[in-house]
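I'd like to ask you about the structure that follows.
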Amino acid sequence: MNASNKPRILTGDTPTGRLHLGHWVGSIENRARLQSDYDCYFLLANMHAFTTRADKAADIRNDTVEIVKDWLAAGIDPNRSTLVLQTEIPAIAELSWFFAMLLPFNRVMRNPTLKTEIEVKDLGDHYSFGFPLYAVGQCADILSFRAELVPVGEDQVAHIEMCREVARKFAWTYCGVSPEEDDANYVNQGSIFPIPKALVGRVGRLVGTDGKNKMSKSLGNAIFLSDSAKEIKKKVSQLYTGRQSMTEPGDIQNSLFQYVRVFIKDEARVRDLEDRYSRGDNIGDGHVKAEVAQAIEELLAPMRERRAEYDKPGGDDVVLDIIRTHASRANAVAEETLYLAKEKMHLAIGRRHLSFAL
Ligand code: TRP
C-alpha cells in the first residue's frame, strides 16, 4: 500500500499568489527538510481558492502553476514527493461529505482560523456556503492520505485540531475504537486513520517589512521567495524601527532583530549584533539591515536560480506534466483510503479505477 513504508506527510497551500518568507519559515522549510524521512504529499488547494474567489478561475489556475514553481525552487523534489492537485482527487470531495456529518455545524463555525479569516478578508455575513465547508474539506485533504504529520504555519493549527476530532469520531462511529483510546493506538485498534499531528515551523509568526503586521501578500509587507537581490535590499532597508542614531540603545525585540535571529545563520554573529545594538555601541540600523539583506539573499539566490529553469518558455508545460503524473500517484493512495472508509461505512460494493485520458 505505502510503497516506501515511511510515515506520510500531507500539507499544502491555497494558491493565492507567490510564496514569501513567512511561508518559508512557517512550513516550506520543514517540508523540504522532511522529504527524506517521510512519504510526502504536497497539496495545491485550488478548490479552497474557489471558496473566496469563484469568479477568478483563470487567476486561480495561474496561481496554482506559480506555487508549484515556488515549491520546486524551494527544494521540493518531484522525484521524492508527490504534488497533489486537489481538484483531481475525487476521494477528497467524497470524504468531505461524510466528514461534514461528523462535525456539529456550530463547531465548524467556532473554528478560530475561520473566524479570523472572515474578519481579515472582510467577508461579513455574505460569504458563501462553501467558505466554511473548506475547513471540513481540509480534514479530508489530510485523512485521504492517512497522513501522520502535517507541517503548517501557526494559523493552521486550529484546522488540524478539527481534523484530529474528525479522525477520532470516524473511528468511534465506524471502526469500533473506544473514545477512551490513546491517540497513538487508534490504528492498532482498527481505525483506518492515524490521528495526525501538526508540526509548526521554527517561526510561528514572521513580521512583515512594515515592522508591525504578520507578513502577508495582501498587506504589501512581504519579501517573496522569487524577489530579486535588489528588491530584497530595498524591502529590508524600508523596515521601520523608529531608532534615531547609532548610539541609541536599540530594542532587540524589534522586527529587524527578529530577522537577524531568523535569517543570520552564524550564532556568534547574531549574539554580537544583539549585544552592540542593545547598548547602542556605534551600530546603525542601516548596517544591521545590510547584513540581514545579505543573509536573505544567500537563502533565496539558489531558489531564484532553480526557478529560472521553470520560467523559461515551456516551463508551464513541465509543471503541468508533473501535476498530471503525480495525480495518478496521489489517487492510488486516496482511492484506497476511500475504499477502506466505505467498507467501514457499509458502502463498499466494489473497487473503481480512475485514469486520465492522456
Ligand atoms: N488552508 C491551508 C492554507 O491556506 C492550505 C491547506 C489546504 C492545507 N488543505 C490543507 C494545509 C491540508 C495543510 C493540510 O495555508
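Owing to the predicted nature of the structure, the values given are computational and were not obtained by experimental measurement. One-based numbering, in listed order, for ligands and for the atoms of each.
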Practice problem: Verify the ring-centre separation between H326 and F42: is it less than 6.0 angstrom? | Solution: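 Here the rings of H326 and F42 have centres that are no less than 6.0 Å from each other.
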Quiz item: Where does I142 meet ligand 1, judged by heavy-atom distances below 4.0 Å: at the side chain, the backbone, both, or neither?
Solution: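 Side chain only; the backbone of I142 stays clear of ligand 1.
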Quiz prompt | Sub-4.0 Å atoms of ligand 1 with respect to non-hydrogen atoms of L10 | solution =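 Within the 4.0 Å cut-off of L10, ligand 1 contributes 12 (C), 14 (C).
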Quiz item: Counting each atom of ligand 1 from 1 as listed, which ones have a heavy atom of H48 under 4.0 Å away?
Solution: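 Near H48, meaning under 4.0 Å from one of its heavy atoms, ligand 1 has 7 (C), 9 (N).
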Quiz item: Counting only heavy atoms, which portion of I160 has something under 4.0 Å from ligand 1: side chain, backbone, both, or neither?
Solution: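 For I160, no heavy atom sits under 4.0 Å from ligand 1.
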Practice problem: Give the intermediate values and the outcome of salt bridge (Lys or Arg N to Asp or Glu O under 4.0 Å) for residues R306 and E309. | Solution: CA-CA 6 Å; R306 275 194 294 264; E309 281 303 302; over 6 Å; no
Quiz prompt | Result of checking E297, E298, E291 against Q294 for side-chain hydrogen bond (donor to acceptor under 3.5 Å, both in side chains) | solution =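 Looking at E297, E298, E291, the match for Q294 under the side-chain hydrogen bond (donor to acceptor under 3.5 Å, both in side chains) is E298.
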Quiz prompt | Under 3.5 Å donor-acceptor, R202 side chain and V262 backbone | solution =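 Flag set: sc R202 to bb V262 pair under 3.5 Å.
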Quiz item: Which ligand 1 atoms are under 4.0 Å away from a heavy-atom of V152?
Solution: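 Per the distance check, 13 (C).
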Exercise. Do me a favour and list the nearest non-hydrogen protein atom to atom 9 (N) of ligand 1 with residue, atom name and distance?
Key: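 Here the nearest protein heavy atom works out to D141 OD2, 2.7 Å.
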Quiz prompt | Heavy-atom nearest neighbour in the protein, as seen from atom 4 (O) of ligand 1, with distance rounded to 0.1 Å | solution =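 It is T14 OG1, 3.0 Å.
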Self-check item: Partner of F193 by ring-ring contact (aromatic ring centres under 6.0 Å, His included), out of W172, F170, Y186, Y174
Solution: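 Result for ring-ring contact (aromatic ring centres under 6.0 Å, His included) with F193: F170.
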Exercise. Examine R8 relative to F145 and say whether NZ or CZ is less than 6.0 Å from the centre of the six-membered ring and inside a 45° cone about the ring axis.
Key: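 R8 over F145 ring: no.
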Exercise. Output the list of atoms in ligand 1 that are nearer than 4.0 Å to some heavy atom of V150, sorted by atom number.
Key: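 Under 4.0 Å from V150, ligand 1 has these atoms: 13 (C), 14 (C).
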Quiz item: What atoms in ligand 1 come closer than 4.0 Å to a heavy atom of L43?
Solution: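 Those of ligand 1 that fall under 4.0 Å from L43 are 7 (C), 9 (N), 10 (C).
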Quiz prompt | Check: D141 side chain, T11 main-chain N or O, donor-acceptor pair, under 3.5 Å | solution =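 The answer is no, because no donor-acceptor pair under 3.5 Å joins these two groups.
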Practice problem: Please write down residue, atom name and distance for the protein heavy atom closest to atom 2 (C) of ligand 1. | Solution: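 The answer is Q156 OE1, 3.2 Å.
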Quiz item: What do we get for Q86 next to ligand 1 when only non-hydrogen atoms under 4.0 Å count, side chain, backbone, both or neither?
Solution: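 No part of Q86 comes within reach of ligand 1.
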Self-check item: Location of contacts on T11 toward ligand 1, heavy atoms closer than 4.0 Å
Solution: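 The answer is both.
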Quiz item: Among protein heavy atoms, which sits nearest to atom 8 (C) of ligand 1, and what does the distance come to when rounded to 0.1 Å?
Solution: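 Result: Q138 NE2, 3.3 Å.
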Self-check item: Within one Ile-Leu-Val-Met-Phe-Trp-Tyr cluster: I252 and V203, side-chain cutoff 4.5 Å
Solution: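 Cluster IDs for I252 and V203 match.
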Quiz item: Out of curiosity, L225 CG to D70 CG, how far, rounded to the nearest 0.5 Å?
Solution: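 If we round to the nearest 0.5 Å, L225:CG and D70:CG are 5.5 Å apart.
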Practice problem: Run the numbers for me: atoms of ligand 1, each under 4.0 Å from some heavy atom of A45, listed by number. | Solution: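 Near A45, meaning under 4.0 Å from one of its heavy atoms, ligand 1 has 7 (C).
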